[in-house]
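Beneath this line is the structure, given in structure tokens, with notes to follow.
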Amino acid sequence: MMGNGDVERGKSAKNRNNQSYYAATGGTYGDEYSDSQWTSWLVPMIVVANVLMFVLIMFVNDCPKNININNYNNMVRGGNNGGCVAKFLGRFSFQPVRENPLFGPSSSALEKLGALQWNKIVHKHQAWRLVSCIWLHAGVIHLLANMISLVFIGVRLEQQFGFVRVGVIYLLSGIGGSVLSALFIQSSISVGASGALFGLLGAMFAELLTNWTIYTNKVAALFTLIVIIAINLAVGILPHVDNFAHIGGFVSGFLLGFALLIRPQYGWSGSRNHPSDTRLKSKYMAHQLILWITATILFIAGLTVGLVMLFKGENGNDKCGWCHYISCVPTSKWSCDN
């Protein structure tokens with residue numbers, strides 16, 4: 001997961017005119033919207049929660065204990081996966097690199113603590129896994145990549161729109177990504193906050209479009225955002241990367257962005273102090289309201305249909321025979337069979 005943004009605060013940030021979280025992508029808006037309105041605390045708390053959850057996973061994983069059992073079984077079968085990585089960490093040491101190259105726990109530990117697993121959701125009624133998997137990560141590399149991206153993307157969004165709207169987008173996008181992933185990936189587990197992060201990217205994209213008239217350098221901002229999103233989605237076609245979670249999260253966040261990140265049209269706040277005949281008649285422009293209504297309906301309908309299909313035990317691949325290529329494209333270097 002990759003991200004770009006601006007997290008500077010304090011005097012240096014306030015002295016830069018027309019600055020926004022699109023600063024790194026070239027988009028700016030007028031002084032009416034330039035200053036941060038909220039202090040970001042939710043995003044840092046999410047980062048802390050993810051780190052603590054990873055520590056808990058490694059504690060439960062207890063590689064030294066499990067590796068002895070696994071090595072014994074492998075010796076019986078005539079093989080060996082090797083020893084724990086960073087043994088000085090004791091029970092917090094990582095699984096062998098051949099088993100988990102991301103420096104993290106075993107798949108059984110992740111499954112035990114709430115990884116996304118189709119069979120358990122559908123047949124064992126563990127719907128909570130649609131949420132719990134968002135807080136789990138497969139390894140240190142996975143965790144660092146997602147948390148750095150979350151800070152770059154989320155802090156500025158929270159400063160501009162507040163913790164409630166950003167929190168709702170983050171959580172619902174994560175669930176949307178989980179639903180789409182479970183519909184198409186049913187033979188393995190999936191973990192990570194990437195779906196929620198893609199939701200924030202989608203919300204940024206929607207916010208730029210719905211509030212288009214208040215921005216300068218909007219074409220440059222749009223182009224840069226598209227490039228960032230395209231690169232992240234392209235990474236998703238590699239093996240062991242859940243691109244369905246990315247896409248489900250992005251679409252969810254994109255729709256929620258139209259519904260939750262709408263801004264009054266430029267000049268509306270100041271016009272309230274003008275004579276009645278010179279005031280702007282509407283707080284929002286017509287296209288903003290149309291997008292708000294349409295996006296809200298599409299999100300509710302899409303999530304409802306996805307959940308119904310999931311709990312009925314349907315396989316998304318039966319409805320779309322080529323969709324598996326969205327998450328993994330086989331080449332001479334790797335296979336997508338497993």
Side-chain angles (χ1 to χ4, degrees), residues 42 46 114 116 118 121-122 125-135 153-154 157-158 160-186 190 192-212 225 229 233 236 242-264 282-320 323 326-327:
L42 179 63
I46 292 175
L116 189 67
W118 177 83
I121 293 174
V122 176
H125 310 293
Q126 297 179 3
W128 50 270
R129 289 179 179 271
L130 294 171
V131 178
S132 62
C133 67
I134 303 170
W135 306 92
I153 299 170
L157 271 176
E158 187 180 355
Q160 293 295 331
F161 296 99
F163 72 93
V164 174
R165 285 184 279 185
V166 170
V168 169
I169 292 172
Y170 184 87
L171 183 60
L172 291 183
S173 296
I175 294 173
S178 296
V179 171
L180 192 64
S181 175
L183 282 172
F184 284 93
I185 301 178
Q186 302 185 351
S190 179
S194 296
L197 293 174
F198 266 86
L200 295 182
L201 268 178
M204 288 177 66
F205 192 32
E207 196 273 332
L208 176 61
L209 295 178
T210 193
N211 302 317
W212 184 259
L225 267 178
I229 293 165
L233 290 176
D242 186 358
N243 219 19
F244 289 111
H246 295 172
I247 295 171
F250 177 80
V251 173
S252 298
F254 184 67
L255 295 175
L256 288 168
F258 285 120
L260 298 178
L261 304 186
I262 183 173
R263 292 181 183 272
S282 175
K283 184 176 182 179
Y284 301 107
M285 301 182 73
H287 77 274
Q288 290 178 301
L289 297 176
I290 292 172
L291 288 171
W292 180 83
I293 295 172
T294 304
T296 302
I297 294 173
L298 287 176
F299 175 76
I300 294 174
L303 185 61
T304 301
V305 170
L307 287 171
V308 170
M309 290 179 62
L310 177 60
F311 293 127
K312 287 177 63 177
E314 295 191 23
N315 188 333
N317 294 292
D318 294 336
K319 309 292 183 181
C320 179
C323 283
I326 294 176
S327 190

Side chains of Asp242 and Ser194: does their closest heavy-atom pair fall under 4.5 Å? no
Is there a donor-acceptor pair under 3.5 Å between the side chain of Thr210 and the backbone N or O of Ala206? no
Check whether Ser327 reaches the backbone of Asn243 with its side chain - one donor and one acceptor, N or O, closer than 3.5 Å. yes
How about Phe163: does its CZ atom have over 12 heavy atoms from other parts shown lying under 6.0 Å from it? no
Shortest non-hydrogen contact between Lys319 and Met309, atoms and distance: CG-CE, 4.3 Å
Write down the atom of Thr304, the atom of Ile300, and the distance for their closest heavy-atom approach. OG1-O, 2.7 Å
Enter the distance from Leu42:CG to Tyr170:OH here, rounded to the nearest 0.5 Å. 9.0 Å
If you compare all heavy atoms of Val179 against all heavy atoms of Leu130, which two are closest, and at what distance to 0.1 Å? N-CD2, 4.1 Å
How many angstroms lie between atom OG of Ser252 and atom CG of Leu298, to the nearest 0.5 angstrom? 11.5 Å
Would you say the side-chain atoms of Arg129 pair up with the backbone N or O of Ile121, donor to acceptor, closer than 3.5 Å? no
Which is it for Leu209 and Phe258 under the side chain to side chain contact (heavy atoms under 4.5 Å, CB included) test, yes or no, and what are the steps along the way? CA-CA 8 Å; Leu209 295 178; Phe258 285 120; 4.1 Å; yes
Under 3.5 Å donor-acceptor, Trp292 side chain and Ala259 backbone: yes
Gln186 side-chain N/O to Gly313 backbone N/O, donor-acceptor pair under 3.5 Å: no
Euclidean distance, Asn211 CG relative to Ile262 CD1, rounded to 0.5 Å: 7.0 Å
Distance in Å, Cys323 SG paired with Leu180 CG, rounded so as to fall on 0.5 Å steps: 8.5 Å
Check whether any side-chain N or O of Ser181 sits under 3.5 Å from a backbone N or O of Gly177 as a donor-acceptor pair, and report yes or no. no
Evaluation steps, side chain to side chain contact (heavy atoms under 4.5 Å, CB included), between Phe244 and Ile326: CA-CA 7 Å; Phe244 289 111; Ile326 294 176; 4.3 Å; yes
Would a 4.5 Å heavy-atom cut-off, applied to side chains only, mark Ser173 and Leu200 as touching? no
Could you check whether the rings of Phe254 and Phe205 sit parallel, tilted or perpendicular, using 30° and 60° as the cut-offs? tilted
Taking all non-hydrogen atoms of both residues, which atom of Ile46 and which atom of Trp135 are closest, and how far apart? CG2-CZ3, 3.8 Å
Atom pair CZ/CD of Phe161 and Glu207 - distance to nearest 0.5 Å: 4.0 Å
Exactly one candidate in Leu157, Val164, Leu261, Leu255 meets side chain to side chain contact (heavy atoms under 4.5 Å, CB included) with Ile169; the answer is Leu261
Might you work through the side chain to side chain contact (heavy atoms under 4.5 Å, CB included) test for Leu201 and Leu197, ending with a clear yes or no? CA-CA 6 Å; Leu201 268 178; Leu197 293 174; over 6 Å; no
In Å, rounded to the nearest 0.5 Å, how long is the span from CG of Asn315 to CH2 of Trp118? 7.0 Å
